[in-house]
Amino acid sequence: MAPSVLYHCPCLSTSSVPPPPHLPSSSYSFHPLNTLFFCEECDAVRCNQCVSVEVSSYYCPNCLFEVPSASVRAEKNRCARNCFMCPNCRNTLAAVPADPPESSDGRISGSVNEGPYILYCNHCRWDSVEIGITFEKPTGLAAQLQKFEDSAPDSLEFDRLKEHFDAFLRQSALAASTTGTHPHHTHSHSLHTNSITAAASAALARDIPGVGKYNPLARSTNNRGYGKDKSVNRDEMTEYRSRSEISQAAGGGELDVELMNGLEEVDEVASLDQRWESSWVSSMQTKDLKPIRIPLHSKRSKRCPACTHILIKPEQKSQSVRYKIKLVASNYLPGIVVVLPHVRQAKEELLKRNLGKSVSAQAEEPSVGMVAGRSYEFQLNLTNPLYDPIEVRLSVQRVHVSTAPAKEGVSPEKAKRPPFAISLPTTKFPISPFAEAWEYEDDEDMFGVEDDELGIGPASATVKTTKDKDGRARPKTVGVLERKANKTVVGGEIVIGKEAQGSVKFNMLVSYTYRSDDPAPSESGDMDGHNARAPEIKTFSFYTVVDLGPIIPREEVKLDL
């Protein structure tokens, strides 16, 4: 598995510090950067688990027709125009003229472009003639097919349910209006400042037909024989009987046995996916499948759960893929990509060595990774998305819990330590602001500081080298290794214990400081250059979890050798 970096969202944490990465609960708190949002009002990271979602509009994905919200429930969340799916392959059906009938003398009677019309699938060659459905005109197919939907068993059963509960609902509404049980709820809802919370509270406080509220005083009064009114007793209701028995509706039994005995091809039996879109009374034969109206899609807006600030708001038009508001975290937080140089180099050599070999021979190659008892280098590529230069500081969270069981004779404090040690630069380092490619210059940095002054240029090669035990110079591994445009490469080092197992995961706190070039208004509210305050220095911190990959035990390496 390739090394990865995930970002922390504090919505599930009781404190600002995330849990250790080896705990199973930590996986729910970290997310990829491209799935996170950023609230400018709260100055915090938000994820899809904590934001509130609102439906902005409904539309058909086939014809892109915008459907009003009031018509969605009436149309059963389906397109009410000419959009149908094939019951076999789920491809879009087209309305085409049927083959005109031939006369007694062998000539074709009627025009080719005249009715009747049928639904035809260009992918699997299915047509509605197989189930006996034809249309008089090629438009308004949903209205012409309404008679088949109204006669469906599920529609008839639902109409029967509404007819059974209609008298009871009218009686409950009349009793509620005469007794006036709702005014005190209205006063309590007016205290809510949030419209969403008020709507939810009103829905929960609403009387449910058929469910009586528990009232001890009324219960004791009824037991004494006072005030019994059977006309408004909500618990009295006639027993409901369905149109068909459950055993007949669900199918099975002798009918399925006869179908299987006369089965000639397996394709004659409809799969579960093909019958899933149908009603609860569905045939097992493919010849009985009906065309399906295409389900509607929706565009959704997302709000911050703390301040209800809009984070995502798409445009209303169904043809547009743009957003009116799009506050994604990748435009505010530095992007981080982790790379293991030795793994990348080993994979390139392995790819060249395996050219022309069989798959079985390639599978016998030893695995590439981090072996216990050794030290490795890794690189963090940081990208600045802001239009202002930033200064970044990296620090490793030292609170880790080892997943390996504690051995005899080992102190508990030592057993809780992680089986590896991480080294990162402790000083701040700058990253240039984001700009277009043609705006960068090769000979100078966006900060106005040459690479030589930072100790990473060719003139300072002696600064980038250190000496090992033998006195030989080796390249620098911990610190700033490269700067180019708005990207900076930082090197780190990991030392793995001899008996280490599991994966190398550690939480890393990223703190960056930037100076906003926008002039801040003065206390009097003037935006004039004389009265404006100095640019504001802003600081933001967030946690990430860095996964460098699994640790290969030393025993497995010896076996491979």
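The model shown is predicted, which means the values in this text are computed figures rather than measured ones.
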Let me confirm one number: the [atom1]-[atom2] distance from [X] to [Y], rounded to the nearest 0.5 Å.
{"X": "Tyr512", "Y": "Asp388", "atom1": "OH", "atom2": "CG", "answer": "10.5 Å"}
{"X": "Asn331", "Y": "Phe37", "atom1": "CG", "atom2": "CZ", "answer": "12.0 Å"}
{"X": "His22", "Y": "Ser503", "atom1": "NE2", "atom2": "OG", "answer": "7.5 Å"}
{"X": "Thr539", "Y": "Ile390", "atom1": "OG1", "atom2": "CD1", "answer": "11.5 Å"}

Residues which pass side chain to side chain contact (heavy atoms under 4.5 Å, CB included) with [X], listed by chain and number, not counting sequence neighbours:
{"X": "Pro385", "answer": "none"}
{"X": "Pro87", "answer": "Trp126, Leu289"}
{"X": "Tyr332", "answer": "Phe38, Glu40, Leu327"}
{"X": "Thr383", "answer": "Asn486, Lys487"}

Taking only residues two or more places apart in sequence, or in another chain, which ones meet Tyr7 in a ring-ring contact (aromatic ring centres under 6.0 Å, His included)?
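In terms of ring-ring contact (aromatic ring centres under 6.0 Å, His included), with neighbours along the sequence ignored, Tyr7 is linked to Phe542.
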Does His309 have any ring-ring contact (aromatic ring centres under 6.0 Å, His included) partners at least two apart in sequence or in another chain, and if so, which?
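Counting only residues at least two positions away or on another chain, His309 forms no ring-ring contact (aromatic ring centres under 6.0 Å, His included).
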Please report the closest heavy-atom contact between [X] and [Y], naming both atoms and the distance.
{"X": "Lys505", "Y": "Asp547", "result": "CE-OD2, 3.4 Å"}
{"X": "Cys9", "Y": "Val45", "result": "SG-O, 3.7 Å"}
{"X": "Leu12", "Y": "Ser29", "result": "CB-OG, 4.1 Å"}

Can you list the residues that meet the side-chain hydrogen bond (donor to acceptor under 3.5 Å, both in side chains) rule with [X], with sequence neighbours excluded?
{"X": "Lys76", "value": "Ser155"}
{"X": "Arg46", "value": "none"}
{"X": "Ser27", "value": "none"}
{"X": "Ser375", "value": "none"}

Other residues, nucleotides, ligands: >12 heavy atoms within 6.0 Å of His123 NE2
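Atom NE2 in His123 is not packed in, count stays at 12 or less.
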Output yes when a side-chain donor or acceptor of [X] lies under 3.5 Å from a complementary backbone atom of [Y], and no otherwise.
{"X": "Glu66", "Y": "Ser57", "answer": "no"}
{"X": "Asn384", "Y": "Pro389", "answer": "no"}
{"X": "Ser26", "Y": "Pro21", "answer": "yes"}

Which pairs would a plain distance check flag for residues 294-302, meaning a side-chain donor or acceptor within less than 3.5 Å of a matching protein atom at least two apart in sequence or in another chain?
{"from": "Lys299", "atom 1": "NZ", "to": "Glu315", "atom 2": "O", "distance (Å)": "3.1"}
{"from": "Lys299", "atom 1": "NZ", "to": "Lys317", "atom 2": "O", "distance (Å)": "2.5"}
{"from": "Lys299", "atom 1": "NZ", "to": "Ser320", "atom 2": "O", "distance (Å)": "2.7"}
{"from": "Ser301", "atom 1": "OG", "to": "Ser56", "atom 2": "OG", "distance (Å)": "2.6"}
{"from": "Lys302", "atom 1": "NZ", "to": "Asn48", "atom 2": "OD1", "distance (Å)": "2.7"}

Which one of Ile422, Thr544, Val338 satisfies the side chain to side chain contact (heavy atoms under 4.5 Å, CB included) criterion with Met508?
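So, applying the side chain to side chain contact (heavy atoms under 4.5 Å, CB included) to Met508 and each of Ile422, Thr544, Val338, only Thr544 qualifies.
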Test side chain to side chain contact (heavy atoms under 4.5 Å, CB included) applied to Ile336 and Val510, Leu6, Val392, the passing residue:
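When side chain to side chain contact (heavy atoms under 4.5 Å, CB included) is applied between Ile336 and each of Val510, Leu6, Val392, only Val510 qualifies.
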Set of salt bridge (charged side-chain N to carboxylate O under 4.0 Å, His left out) partners for Glu75, sequence neighbours left out:
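With neighbours one apart ignored, the set is Arg293.
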